[in-house]
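A short write-up of the structure that comes next.
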Amino acid sequence: MKNKGFTAVLVFIVAIVAVVGWYFSTRNKLVTLEEDTSSAWAEIDNQLQRRCDLIPNLVNTVKGYAKHESEVFGNIAEARSKLAGAQTVEEKSEGYNELQGALSRLLMVVENYPELKSNANFQQLQDELAGTENRIAVARKRYNDKVRSFNTQIKVFPSSFVAERMGLEKKSYFEIAESARAVPKVEF
């Protein structure tokens, strides 16, 4: 009789230790995933800041050639300040898309000034901007991959049980605007 009682207590203790171990293991995994998304977001933020820092130099170079394009310059300044003041992923995404559109309009203006396109400073700034755009694309993919992992983990059972107790909520993806998905029309 004593052995059965002892065995039952031992099984109960092992079960409690297993459940507690699972809980803390799952909790730690969720914390790690959340930190991974924060780290990936910080990289996007870093690249967006780099881009914002390059833009005034690009604009000033173009201004020397295209003085009468003040509306385009104003749109860039407005979009840049909106992006700089954005706090959430959604606001940053919206600001990024707005700035992207303004830069596209600036580059269309540049097409009207062949001497500007051949300017060494302009070429260097355009290359820097293109490199930054690539870095943003890579960082955005990394971030979205981390968000996908995090969002999946907080939704699947049984880790959803732990996530709910931790107050974890779904994170937003960093998405591009629908207008950027349109295929550009190329005519010869």
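The structure presented is a predicted model; accordingly, all values stated were derived computationally and were not measured. For the single chain, residues carry numbers from 1 onward in sequence order. FYI, side chains are in, hydrogens and waters are out, and symmetry mates aren't considered; it's all heavy atoms of this structure.
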- [ ] In sequence, state the C-alpha distance, the side-chain angles, and the governing distance for Arg142 and Glu43, and then conclude on salt bridge (charged side-chain N to carboxylate O under 4.0 Å, His left out).
- [x] CA-CA 9 Å; Arg142 272 194 210 122; Glu43 180 57 24; 5.5 Å; no

Open item on the list: Arg27 vs Arg165, test: side-chain contact (heavy atoms from CB on, under 4.5 Å). Steps then yes/no.
Closed with: CA-CA 10 Å; Arg27 189 178 197 294; Arg165 268 119 199 96; over 6 Å; no

Open item on the list: Before you tell me yes or no, could you show the steps for Leu106 and Ile55 under side-chain contact (heavy atoms from CB on, under 4.5 Å), namely the whole-Å CA-CA distance, both residues' side-chain angles and the distance that decides it to 0.1 Å?
Closed with: CA-CA 11 Å; Leu106 176 69; Ile55 289 170; over 6 Å; no

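Between the side chains of Gln49 and Asp45, no donor-acceptor pair is found at a separation under 3.5 Å. Between the side chains of Glu128 and Gln124, not a single donor N or O lies within less than 3.5 Å of an accepting N or O.
Using a 4.5 Å cut-off between side-chain heavy atoms of Ile, Leu, Val, Met, Phe, Trp and Tyr, with links allowed through other members, Phe24 and Leu168 fall into the same hydrophobic cluster. Criterion: ILVMFWY side-chain heavy atoms under 4.5 Å apart, direct or through other members. Under it, Phe12 and Trp22 are part of a common hydrophobic cluster. Cluster membership check: Met108 does not share its hydrophobic cluster with Phe73, using side-chain heavy-atom separations under 4.5 Å among Ile, Leu, Val, Met, Phe, Trp and Tyr. Trp41 and Val138 fall into different hydrophobic clusters, where Ile, Leu, Val, Met, Phe, Trp and Tyr residues are linked whenever their side-chain heavy atoms come under 4.5 Å apart, directly or through other members. Met166 and Val20 fall within the same hydrophobic cluster, where Ile, Leu, Val, Met, Phe, Trp and Tyr residues are linked whenever their side-chain heavy atoms come under 4.5 Å apart, directly or through other members.
The ring-ring contact (aromatic ring centres under 6.0 Å, His included) pairs that include a residue from residues 147-170 number zero, where partners must be two or more places apart or lie in different chains.
Taking the side chain as every heavy atom from C-beta outward, Arg135 and Asn46 never approach each other to under 4.5 Å. Arg51 is listed as a side-chain neighbour of Leu103, based on a closest heavy-atom distance under 4.5 Å. The shortest side-chain heavy-atom distance between Pro56 and Arg80 falls under the 4.5 Å cut-off.
Distance CG/Leu30 to CD1/Ile154: 8.0 Å, rounded to 0.5 Å. A distance of 11.0 Å separates CG of Leu54 from CG of Asp127, quoted to the nearest 0.5 Å. With values rounded to the nearest 0.5 angstrom, Leu58 atom CG is found 7.0 Å from Gln126 atom CD. Atom CZ of Arg50 is separated from atom CG of Leu129 by 9.0 Å, given to the nearest 0.5 angstrom. The CD atom of Gln100 sits 8.0 Å away from atom CD1 of Ile136, with the distance rounded to the nearest 0.5 Å. Rounding to the nearest 0.5 Å places OH of Tyr143 at 12.0 Å from OG of Ser39.
Across all non-hydrogen atoms, the minimal contact from Ile76 to Ala102 is CG1-CB, 3.6 Å. The two residues Lys92 and Leu83 make their nearest non-hydrogen contact at O-CD1, 3.4 Å. Minimum heavy-atom separation, Asn75 to Arg105: ND2-NE, 4.1 Å. Closest approach of Lys171 to Val147, counting heavy atoms only: O-CG1, 3.5 Å. Among all heavy-atom pairs drawn from Asn57 and Asp53, the shortest one is ND2-O, 3.9 Å. Between Thr132 and Gln47, the closest heavy-atom pair is CG2-O, 3.6 Å.
Counting only distance, with no hydrogens or angles, the side chain of Ser159 and the backbone of Thr26 share no donor-acceptor pair below 3.5 Å. With Thr152 contributing its side chain and Arg148 its backbone, the two residues share a donor-acceptor pair below 3.5 Å. At distances below 3.5 Å, at least one donor-acceptor pair connects side-chain atoms of Asn97 with backbone N or O atoms of Ser93.
With sequence neighbours excluded, no residue forms a side-chain hydrogen bond (donor to acceptor under 3.5 Å, both in side chains) with Ser81. Residues satisfying the ring pair (Phe, Tyr, Trp, His ring centres under 6.0 Å) criterion with Tyr96, sequence neighbours excluded, are Phe174.
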